[in-house]
Amino acid sequence: MRKFYIEGGHKLTGTVKVSGAKNAALPIISASLLGSGPSLLEDIPDLKDVRNLAEIIRRMGARVDYQDNTMEIDPRSLDQYATDPELAGKIRASYYMLGVMLARQGQARTSLPGGCSIGNRPIDLHLKGFKALGAEVNINGNIVELTAPELTGNKIYLDYPSVGATINIMLAATGAKGQTVIENAAREPEIVDLANYLTVMGAKIKGVGTDVIKITGQEALHGEEHRIIPDRIEAGTYIIAGALMGQDVYVKNVLVEHIKPLLAKLGEMGVELEEDIAGVRVAAPEKLDSVDVKTLPYPGFPTDLQAQMMVLLTQADTASVVTETVWEDRFKHVEELETMGASINVDDNSALVKPARLTGAEVEATDLRAGAALILAGLKANGVTVVENIGHVERGYEDIEEKLTALGAEMEKVEGTIESQVTTA
Ligand code: UD1
């Protein structure tokens with residue numbers, strides 16, 4: 001099993017470039033199958049989730065060429081409506097094939113999604129949307145099958161502004177007759193990026209970025225070129241690294257308006273920040289003030305930065321409260337941080353984070369962002385931290401080890417037992 005070995009206490013200096021957004025790339029790669037010809041997608045991050053999705057659509061018959069962060073997808077040879085069950089189970093975003101295949105050929109089949117284990121991850125809102133458009137839904141074990149000889153636009157109210165449901169319904173609605181209205185839609189930047197791509201492909205979409213999205217179905221969309229937006233969660237992770245250990249860290253390829261909630265909180269904590277058009281300069285202050293953080297759908301504080309932010313809060317001068325409202329089981333990193341000396345009391349969906357000195361320890365990445373948080377904790381901790389199960393981190397961070405090492409971190413990816421890593425590193 002691969003692990004990261006991190007020697008804490010090294011200051012960070014220099015520039016780190018943020019990659020394209022995973023959570024925009026996955027739906028956009030999926031949406032390319034709606035084109036009548038090839039699409040060229042740029043800034044596609046080289047991640048396990050991306051490679052799995054590319055393989056899923058290859059096995060469905062599409063041609064996919066992927067190199068140097070550019071993916072060319074030609075859907076003309078696609079001749080399957082079902083995803084490979086084993087591969088599809090590995091990534092949650094494989095469920096975008098439901099919306100896409102429904103719009104493309106009125107039939108879709110996939111296995112129920114995998115991805116991070118951060119609580120109950122139902123897809124009832126996706127299915128509610130598909131049904132409202134006229135699809136018949138059959139669930140057999142973990143296989144979902146949809147059929148719809150014809151899709152017809154409808155009004156769909158989402159009980160919660162789910163990112164995945166908004167995307168999936170938007171994808172399906174591009175192939176529906178007439179207008180679909182999604183109310184209480186999610187507003188995340190990744191949804192806007194997808195809508196921008198669909199629009200250049202010929203889709204008619206209004207209101208994206210607000211909570212009411214209107215999609216008018218079209219006969220056919222064409223292939224297009226598109227550059228993926230920068231990953232706001234990756235950007236946020238490096239900015240927090242800078243706030244923890246930065247002497248002078250410049251995080252570039254950042255759309256600053258996408259990370260306003262994080263920057264506002266860091267400002268309140270006394271972190272030195274300088275924004276410009278392309279990025280954010282950050283340095284760790286002498287003293288960090290405590291702040292309370294509550295995760296919310298965009299434009300609230302992102303749940304995907306909650307774990308990383310918690311690490312920074314362990315270094316504040318007094319206690320802070322972190323409240324998780326998006327996912328019901330997203331404090332798994334707490335136990336691991338406690339192994340490193342953190343003092344955190346969890347009560348239901350709130351965590352009281354008290355000031356503590358972090359010490360290197362053997363910890364496990366329980367999910368993608370928890371893994372990122374443990375790496376940040378390792379950068380700050382006294383001594384050596386070994387982060388196990390880094391497959392989770394590799395699902396979402398392109399070249400994290402190279403990027404942090406270039407900033408001055410002492411970090412290495414190693415195989416084998418922990419003992420051998422520590423003695424040979
Ligand atoms: C996406 C992101 C994930 C992020 C999350 C919230 C991707 C690939 N992943 O996940 O990193 O943490 O947004 O910003 O883009 N829900 C339902 N029924 C549904 C769908 C969702 O009850 O049908 C609930 C979920 O259980 C959860 C909440 O809605 O409590 C948010 O989920 P959702 O916004 O759908 O997240 P994902 O799209 O899965």
Side-chain angles (χ1 to χ4, degrees), residues 20-31 44-45 47-50 52-53 56 88 90-99 112-132 137 139 144 146 156-172 182 184-194 211 228-229 231-234 236-237 258-259 261-262 294-309 323-333 349 366-373 392-393 395-397:
K22 166 177 91 73
N23 290 349
L26 296 171
I28 287 172
I29 292 168
S30 308
I44 299 281
L47 300 170
K48 243 167 44 180
D49 275 11
V50 165
N52 276 334
L53 182 63
I56 286 171
K90 284 188 183 165
I91 59 161
R92 188 160 172 78
S94 56
Y95 60 29
Y96 293 140
M97 286 301 121
L98 291 173
L112 280 172
C116 278
S117 93
I118 49 175
N120 190 14
R121 299 187 78 164
I123 61 162
D124 55 312
L125 298 173
H126 304 231
L127 300 181
K128 170 178 160 176
F130 297 142
K131 280 184 197 159
V137 176
I139 299 177
V144 185
L146 307 177
I156 297 152
Y157 177 84
L158 295 180
D159 306 305
Y160 187 89
S162 152
V163 175
T166 302
I167 288 176
N168 235 340
I169 297 167
M170 201 159 91
L171 290 168
I182 311 175
N184 199 25
R187 295 185 277 167
E188 269 68 2
E190 293 76 21
I191 298 172
V192 178
D193 201 29
L194 168 67
D211 60 357
I228 306 293
I229 53 167
D231 195 310
R232 65 194 164 99
I233 305 301
E234 189 197 5
T237 303
H258 291 173
I259 50 163
L262 171 69
K294 184 179 189 177
T295 67
L296 286 168
Y298 191 84
F301 192 92
T303 173
D304 287 352
L305 285 175
Q306 180 252 106
Q308 302 89 313
M309 189 67 175
T323 308
E324 172 61 54
T325 77
V326 178
W327 296 108
E328 68 191 18
D329 188 16
R330 205 170 198 182
F331 282 143
K332 289 190 178 146
H333 45 281
N349 69 338
T366 49
D367 67 63
L368 163 56
R369 307 303 171 185
H392 282 301
V393 180
R395 287 188 32 237
Y397 288 88

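Fair warning: this is a prediction, and the values are worked out from it, not measured in the lab. Indexing begins at 1, ligand by ligand and atom by atom, following the structure's order.
In terms of polar-atom proximity, Val326 is counted as a contact of ligand 1, with an N or O under 3.5 Å from an N or O of the ligand. Polar contact with ligand 1: absent for Thr303 (N/O pair, distance under 3.5 Å). At under 3.5 Å, not a single nitrogen or oxygen of Leu26, backbone or side chain, sits near a nitrogen or oxygen of ligand 1.
The option with the heavy atom closest to atom 20 (C) of ligand 1, from among Pro122, Ala165, Gly396, is Pro122.
Residue contacts with ligand 1 include Arg330, since one of its heavy atoms falls under 4.0 Å from the ligand.
Ser30 places no side-chain N or O within 3.5 Å of a backbone atom of Met97 that could act as its donor or acceptor partner.
Summarising the geometry of Ile169 relative to Ile156, their closest heavy-atom pair is CG2-CD1, 3.7 Å, with the distance given to 0.1 Å.
Within ligand 1, the atoms closer than 4.0 Å to a non-hydrogen atom of Arg92 are 39 (O), numbered from 1 in the order shown. Atoms of ligand 1 lying under 4.0 Å from at least one heavy atom of Tyr160, given by number and element, are 28 (C), 29 (O), 31 (C). Residue Gly164 has at least one heavy-atom neighbour below 4.0 Å for each of these atoms of ligand 1: 35 (O), 38 (O).
The only option from Asp231, Ile44, Ile228 that meets the side-chain contact (heavy atoms from CB on, under 4.5 Å) definition with Lys22 turns out to be Asp231.
Evaluation of the side-chain contact (heavy atoms from CB on, under 4.5 Å) rule for Ala186 yields Pro161, Val163, Thr166, Glu188, Ile191 as partners, not counting sequence neighbours. In this structure, His258 has no ring pair (Phe, Tyr, Trp, His ring centres under 6.0 Å) partners at least two apart in sequence or on a different chain.
At a threshold of 4.5 Å between non-hydrogen side-chain atoms, the residues Glu324 and Thr303 count as touching. Within the 4.5 Å cutoff, no side-chain heavy atoms of Thr323 are placed close to those of Thr295.
Under 4.0 angstrom from ligand 1, the non-hydrogen atoms of Val163 come from both its backbone and its side chain.
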